[in-house]
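Please read the structure below before turning to the comments.
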Amino acid sequence: MKKIVFLIMCLCSVYANSQEGIPFFVNYPASVYQAHNRNFDVVCDSCGNVYFANFEGILHYDYNRWETIYTPGFSRVTRLFRDSEGRIWVGGYNVFGRIERDGRGCITLRTLLSDLDTDSLGELEDMAEIDKRIYLKATSGGYYTVQSDSILAPVQVLPAQLQEKWRNQSSVSMNRAFSLPGGETISINSAHGLIMDDSGKKERFSVTERNGLCSNAVSGIAADGRGNLWGATDNGVFHVFIPSLFSRYTSGEGLKGEVISAVSYKGMIYTGTLQGLYVLKQNTFVPVQGISQACWQLCLSPQGELYAASGDGVYVIRDYNHSEKLTDMAAYSLTFIGHTNLLMGTMDGIYQYSADEERIKKISDVEKVVRLEVKKDRSVWAKTLYGEIYLREEGESSFVLQDRESEEVMTEYTDNDGCHWQTNLKGKEVQVHHSQIDTEKFNQCLYAIRNYVVRVIYIEEDRAAWFGGDFGLIRMDLEKARTFTPVAPRIYLREVCLNRDSVYWGGDLPEESGGADWQINSTVPRLGNDVRSIRFSFATDAPCFTGSNEYRYRLVGYDPEWSSWDSGTVKEYANLSSGTYTFCVRARDIYGTESEMKQFRFSLLPPFYLQWYCLILYTVAFGMLLFLLFKWRMRSLLKEKERLEALVGQRTKQLVQQKNEIEEKSLKLEKALKELGQAQDELVRQEKMATVGKLTQGLIDRILNPLNYINNFSHLTSGLLKDLYQNLESVKELLDEDTYLDSVDVINMMRDNLEKIEEHGSNTTRVLKAMEEILRDRNRQLEKTELIGLCRKDMELLSSYYQKEITAMHIEVRTSLPDNPLFIDGNAEQLGKTIMSLLNNGMYAIAKKYGKKAYPAEIGLALESKDGQAVIRLYDNGVGIEQSILDKIFDPFFTTKTTGEAAGIGLYLSKEIILNHHGQIAVRSEKDELTEFTITLPLWEEKSV
């Protein structure tokens, strides 16, 4: 086990400065690697492979998958050793051998001695290398050496380097300390886990079960030279990422709850979480007494005192053992304006605490302010929980909401050098910017924690950057970050598997055994046509403590482009056609650095029935078959052609004659059906109106007579009330004041009631008159009518009648009429009323919209001839019609006006008149934009006798 000193020396030499916090690590329990939980030793090779001495055999991990290599018989592996040539030696109880690769590159165990042999080694205690020769020590006290890489021979005299080391060592100590290049040491202890000391023998950190380590009983550690430290324990294995720019604090170090604030005070780090305030002491966070609620913000006063805004009040922190409550008011944010005035953002507003007067006053009603900031011009900026930004200028007393978009950051911080640290809106992708300082190295380091949701950023005196969130607290060493030089990750092709069960390529060899570019065949391998699928497994041993390394790949000859980056390490292709392909793969580490491209080129042979000689045979046979079919087919077609020509000529003559007869009958039938349909619709409509008229005409007369009496007598009674009021005034002196006033009130109430009766009676009379108008017979004789003159006359009447309104509202009246006359079968009087009714509605809509706001008003009429019909368009840009009522406007008694303004039958009568003229009326409208009525009338035709 003393070999670990040599392996630890592989750690990067930049790890010279002390590290704060606990390094990132990952546990791998037995349920992951599918073997016994107890492990005795660990060793790494130069090709990204890790080997563990497990109770069941040898565990092998290549950063892609776990594999167990079993030993023969009942032997047990307890020791692993890597010599100067990179070979891995295996030893234990009744077993000794070496890790090798077979002809396909697969890892195997070559045993030199096992319990199946007649000779017995017993329990192997330790291994060492002197002058490129391997020496073994057994628990029985015997010493052995390896000769010719395969023979074990007893040793009588040990080399001087081993004599004192082994003869005075009764057993391998379970407490070992190993030196690092920077003067630090790493100790492993059967009861204390992993401990790291600095050059002054002062403990910097320890990784134990309290921090989440799988077991304190660490039996061996090994480093792979790329910042990965592997350890074997009696309860699984672990992977520690050291050295690293980053370290962390979690609940294992006493930090409880999500981190939401951090600051350095009196040389100590104070951290606020959702469960209180904590201070870092001896690499462990301890709670500050008195603060157990969410500590939202920490703020240093101009005098250097620490203030904390928490869920149960504002505190002044004297030291980590003493806090003083300033106010019971819960606060989200704090800032100082001046030397003695403290601003506090609370649930219901912003408060100001004056230390001189020791009193609190509310200065703003802006609620839930989670951030307060005082600029150099003494203006105060406030940000609320909802992302609103408020500003109070110097000398002003109130905060004003700023008309600006929400910030594109969730968390931000400006350090003493003016560097601006910030996240995106989701709290991820921490970046640092400065207009004059180069921050490229910082941003490259921060790429490693891009997927963490960061709630707080704090820069500690240009030494460390702290990032907090639900993951705890992460520390980045700024001194190491400034000198950070990314190392490109190495990509390894671990396995090529055919048909999911046959391993063709077992992986890359270590550099000492041929190098990472070793290939099984120097030429392009030719795979048989029975290969239905090919699977590639790949991996990189680059550290991935804050996420996963990513890969992308491409099969040249199949994939048109590279795949997207993802963490998958296996790619399978199925049912590839024959040809030559090249599988290319790249890796990208957590810093965004890409590896060189790894390639594997291979060919897939076509099946025998697709060989070249078979293809030639197929072509010749197919050509002959086509020739015979063509010759036979041409002979058949010639005979069929002659027969069909005669038949087609005869049938064509018959079809032409039948077609002419059918077309003539079809035209007559179509015209008759059209006339019948029109007549039927007209009869149904007239019958319906006649029936309704008979039922309601007598009822209207019976209602109008008493209604007239009501209106007349209400009017007469109003005159009598006036006389009564004059009589009351003449005897006013004879009545007491109360009687007089009561009488006047009664008279006024009676007068108001009579006015209402008269008003509603008049409205009812108007409705009944409208019903009479609906029931009136309009089936007058239609005659030839010239439409252009009728439209021109209506537009002149509109301009004359509404001259005052047109001038006052600057209404533009437009008329578009054709040059040639248009004639229809119609009634000029009814059509004129219909057009004027629609124009009146347009003027009403314009006046209503103009009354709200002046605008360029427009009303117009356009007439044109289209497809044998006259089309009249009446439009205006008034208030328009709601889409929800557009299908109801032609219903009788439906109106958007008041009862006193209209009865709601204008559009209904207009539609009836258009239907009587065998036409159609349609409407199109947009609210507050325009309204357009389209009337379509059939043009006049000369009737044949």
Side-chain angles (χ1 to χ4, degrees), residues 255 257-281 285-364 366-375 378 380-385 392 411-416 455-461 466 468 473:
L255 197 58
E258 181 178 357
V259 176
I260 52 180
S261 59
V263 73
S264 177
Y265 177 56
K266 294 184 179 180
M268 306 179 74
I269 294 296
Y270 285 77
T271 299
T273 73
L274 293 178
Q275 298 185 21
L277 179 62
Y278 296 83
V279 60
L280 182 60
K281 294 176 58 180
F285 277 95
V286 296
V288 175
Q289 298 299 322
I291 304 179
S292 59
Q293 299 293 325
C295 185
W296 297 104
Q297 186 173 349
L298 297 171
C299 175
L300 291 174
S301 70
Q303 293 79 20
E305 294 181 324
L306 179 60
Y307 286 74
S310 72
D312 60 352
V314 178
Y315 290 81
V316 181
I317 312 302
R318 304 302 181 188
D319 55 45
Y320 59 85
N321 283 327
H322 181 210
S323 62
E324 179 182 333
K325 197 170 190 179
L326 186 66
T327 173
D328 292 331
M329 188 181 304
Y332 294 112
S333 56
L334 298 174
T335 190
F336 275 88
I337 181 169
H339 290 277
T340 59
N341 293 327
L342 176 65
L343 297 185
M344 301 179 294
T346 68
M347 179 70 71
D348 61 342
I350 301 176
Y351 290 81
Q352 178 174 313
Y353 172 78
S354 177
D356 295 337
E357 302 177 2
E358 295 186 355
R359 67 185 184 91
I360 299 176
K361 64 176 181 179
K362 188 175 185 180
I363 62 173
S364 176
V366 178
E367 300 177 349
K368 299 180 180 65
V369 174
V370 296
R371 181 181 172 191
L372 287 167
E373 184 176 355
V374 179
K375 299 295 186 179
R378 296 182 64 83
V380 181
W381 292 83
K383 181 179 179 181
T384 69
L385 185 64
R392 189 184 75 174
T411 307
E412 59 183 344
Y413 181 86
T414 303
D415 61 22
N416 295 332
R455 289 286 304 275
V456 59
I457 301 174
Y458 177 70
I459 310 303
E460 181 192 4
E461 299 179 358
W466 297 83
L473 200 61

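All residue numbers in this chain count up from 1 along the given sequence. Fair warning: this is a prediction, and the values are worked out from it, not measured in the lab.
Using a 4.5 Å cut-off on side-chain heavy atoms (C-beta onward), Tyr315 and Thr327 make no contact. The side-chain heavy atoms of Ile350 and Arg392, taken from C-beta on, include no pair separated by under 4.5 Å. Side-chain contact between Val279 and Val286 is present, with at least one heavy-atom pair separated by less than 4.5 Å. By the 4.5 Å heavy-atom criterion applied to side chains, Leu343 and Ile363 are counted as neighbours. Side-chain contact between Leu473 and Trp466 is present, with heavy atoms from C-beta onward closer than 4.5 Å. You'll find the side chain of Thr411 stays beyond 4.5 Å of the side chain of Tyr413, heavy atoms only. By the 4.5 Å heavy-atom criterion applied to side chains, Tyr458 and Glu460 are counted as neighbours. In this structure, the side chains of Met347 and Tyr332 come closer than 4.5 Å at one or more pairs of heavy atoms.
Scanning all heavy atoms of the two residues, the minimum distance from Glu305 to Tyr307 falls at OE1-OH, 3.4 Å. Shortest non-hydrogen contact noted between Arg455 and Val259 is CB-O, 3.5 Å. What you find for Met344 and Val314 is that their closest heavy atoms are SD-CG2, 3.5 Å. Val456 and Ala262 get closest at one heavy-atom pair: CG2-N, 3.7 Å. For the residue pair Gly338 and Pro302, the shortest heavy atom distance occurs at O-CG, 3.4 Å. Here the closest non-hydrogen pair linking Leu298 and Ala308 is CD2-CB, 3.6 Å.
In this structure, Leu372 CG and Trp381 CH2 are separated by 13.0 Å, a value rounded to the nearest 0.5 Å. For the atom pair CD of Glu258 and CG of Leu274, the computed distance is 5.0 Å after rounding to the nearest 0.5 Å. Taking CG of Leu277 as the start and CH2 of Trp296 as the end, the distance is 14.0 Å to the nearest 0.5 Å. Rounded to the nearest 0.5 angstrom, Ser261 OG and Ile457 CD1 are separated by 13.5 Å. The distance from the NZ atom of Lys362 to the CG atom of Asp348 is 4.5 Å, given to the nearest 0.5 Å.
Checked against ring pair (Phe, Tyr, Trp, His ring centres under 6.0 Å), Tyr351 has no partners two or more places apart in sequence or in another chain.
Between the side chain of Lys325 and the backbone N or O of Asp312, at least one donor-acceptor pair lies under 3.5 Å. Checked by atom type and distance alone, the side chain of Gln297 pairs as donor or acceptor with a backbone atom of Leu334 at under 3.5 Å. Judged by distance alone, with hydrogens and angles left aside, the side-chain atoms of Ser333 form a donor-acceptor pair with the main-chain N or O of Val369 at under 3.5 Å.
Annotation for Gln289: atom CD does not count as buried by contact number, only 12 or fewer foreign heavy atoms lying within 6.0 Å.
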Please report, to 0.1 Å, the donor-acceptor pairs under 3.5 Å made by any side chain of residues 263-271, with sequence neighbours excluded.
{"residue": "Tyr265", "atom": "OH", "partner": "Ile317", "partner atom": "O", "Å": "3.2"}
{"residue": "Lys266", "atom": "NZ", "partner": "Arg318", "partner atom": "O", "Å": "2.8"}
{"residue": "Tyr270", "atom": "OH", "partner": "Tyr320", "partner atom": "N", "Å": "3.2"}

